Amino acid sequence: MTVSRLAIVDTTLREGEQFAGAHFTTEQKLELIAALDAFGVEYVEMTSPVASPRSEADLRRAVAARPRARILTHTRCRLDDVERALDCGVDGVNVLFATSDVLRRASHGRSLEEIAEIACEVVEHVRRAGREIRFSCEDTFRSDRREILDIYRAVGSCHPDRVGIADTVGIATPRQVEELAAAVRSVVDTDIEFHGHNDTGCAVANALAALEGGATHIDTTILGIGERNGIASLSGLIARVGSLQPEAVEHYRLDLLPSLDARLASILEIPVPFNSPITAPTAFTHKAGMHSNAVLRDPRSYEVLDPTRFGLDRQILRGHRLVGRNAIRDRAGALGIALSEEQISAVTTEIKRLADGGPLDDSQVDALLATWATPA
Ligand code: HCA
Ligand code: CU
């Protein structure tokens, strides 16, 4: 596949604020915007000014900071909400309308025709103000297919900058996402944004599928935080697209990704998840003998991304019972300790025996190698 265009809409300060463990201070928001801006995301989405007085004040502060990234806010699809957003000076507004049958009945009670009419009014209002506008159907995958395509077609004819597809409950499969993105692509000539939740672990895969279907903008958050267990993580999207098509992500400051994830983790007082793509503490750590052996010869054998692109180093673990002779020989060489093949085998056997009782740290392995080199 080819990603011809990719713009990242980072919503750590909107969707991410909906994460149960998140409450950002003004200073933290400004710091995260500066960090996201340095990384190079194209958009930062912030909580609606309607949400609370502090949300409005922080949005104004963010706009005043004049980052390179465009500042968006996310509001209901209502004239009074977008008016409030425009008054804060945002570069654009992402609006959302519930279109599923159940929400239409239980929430706002509007017909499809009314939704399209209100949406067009809002789109035209924001366009007249010279700002960007995106219209999205909430819970797109549980809405009636024919009905939402009718809405996208109708709203698309009012020329928003983008329409959005939202997998609000994380239920969609990659195939469904690609197919729906392509269907929406066929009824609108605007850009297409995708927002996908991770309830079934498919958020990053679904983001790629959306790009394959013709989406141009992907919503991410740092570490993937959001409602419930969140949405596609920034590092996940970068890993996914960057392994397929490195040039599609090379305009971002990839070396800043680890510190971005680490900073949010420290703000939230959680560790960077052990399985985070790229930024997990062990994302480039090799353990088993066979893996370490191959990686020492050619890192590409077990690494689909080069850690140096992210300012990271690979690690080879040696103080464990799965260690192999090649990893031990390599370490002895790095320490300038000359050992025969018999000695390498013997010290490897000894490490395995000792490590059966629990892992050894690097200094214990090094000490053992030194003992072997200079027997008393
Ligand atoms: C929510 C809304 C949303 C909106 C996504 C979008 C979702 O918090 O309920 O506007 O694209 O997941 O549907 O985050
Ligand atoms: Cu969401």
Side-chain angles (χ1 to χ4, degrees), residues 7-20 22 42-52 55 70-78 81-82 85 90 92-100 102-104 106-108 115 118-119 122-123 126 132-143 148 151-152 155-156 160-172 176-177 180-181 184 188 190-204 206-207 209-211 213 215-234 236-237:
I8 294 177
V9 178
D10 188 277
T11 178
T12 305
L13 298 180
R14 195 282 296 172
E15 176 72 53
E17 231 192 356
Q18 296 174 221
F19 172 53
E42 285 80 359
Y43 296 88
V44 168
E45 182 181 75
M46 296 184 71
T47 296
S48 167
V50 176
S52 75
S55 302
R70 313 208 90 201
I71 300 285
L72 306 175
T73 190
H74 186 266
T75 73
R76 294 169 294 189
C77 189
R78 290 167 44 157
D81 275 20
V82 296
V90 293
V93 191
N94 272 355
V95 298
L96 176 76
F97 222 125
T99 46
S100 65
V102 54
L103 284 178
R104 266 179 18 228
S107 165
H108 54 70
I115 292 175
I118 296 166
V122 165
V123 165
V126 178
E132 285 191 29
I133 176 77
R134 182 221 69 181
F135 169 84
S136 196
C137 295
E138 186 182 7
D139 205 358
T140 318
F141 291 88
R142 292 192 301 174
S143 303
I148 52 161
I151 292 183
Y152 282 121
V155 179
D161 294 275
R162 302 182 290 290
V163 295
I165 299 172
D167 183 17
T168 306
V169 293
I171 198 176
Q176 288 169 337
V177 173
L180 183 64
V184 173
V188 301
T190 66
D191 285 343
I192 298 174
E193 180 172 331
F194 175 75
H195 175 102
H197 277 262
N198 204 32
D199 299 71
T200 59
C202 288
V204 170
N206 284 346
L211 291 169
T216 48
H217 292 58
I218 299 294
D219 287 13
T220 63
T221 58
I222 308 170
L223 300 180
I225 61 168
E227 284 280 349
R228 306 183 304 282
N229 73 337
I231 66 165
S233 68
L234 179 60
L237 181 73

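When a ligand or atom number is given, it counts from 1 through the structure's own listing order. Just so you know, these numbers come straight off a predicted model, no measurement behind them.
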*asked:* Using 30° and 60° as the class boundaries, would you call the ring planes of His108 and Phe97 parallel, tilted or perpendicular?
replied: perpendicular
*ring-ring contact (aromatic ring centres under 6.0 Å, His included) involving Tyr43 - partner list, sequence neighbours excluded*: His217
_Counting only heavy atoms not in Ile171 (residues, nucleotides, ligands), do more than 12 fall under 6.0 Å from its CD1?_
no
*Can you see which heavy atom on Ala166 is nearest to which on Ser136, and at what distance?*
CB-OG, 4.2 Å
*Report the distance from atom CD1 of Ile165 to atom CZ of Phe141, rounding to the nearest 0.5 Å.*
6.0 Å
_Spacing of Asp219 atom CG and Asp10 atom CG [to the nearest 0.5 Å]_ = 8.5 Å
_ligand 1: protein residues within heavy-atom distance under 4.0 Å_ = Arg14, Glu15, Gln18, His74, Leu96, Arg134, Ser136, Glu138, Ala166, Thr168, His195, His197
*Answer with yes or no whether the side chains of Thr47 and Glu17 bring together a donor and an acceptor at under 3.5 Å.*
yes
*Hey, are Asn94 and Arg162 close enough side-chain-wise for a donor-acceptor pair under 3.5 Å?*
yes
_Which residues share a side-chain hydrogen bond (donor to acceptor under 3.5 Å, both in side chains) with Thr168, sequence neighbours left out_ = none
_Atoms of the protein (N/O/S only) found under 2.8 Å from the Cu ion (ligand 2)_ = Glu15 OE1, His195 NE2, His197 NE2
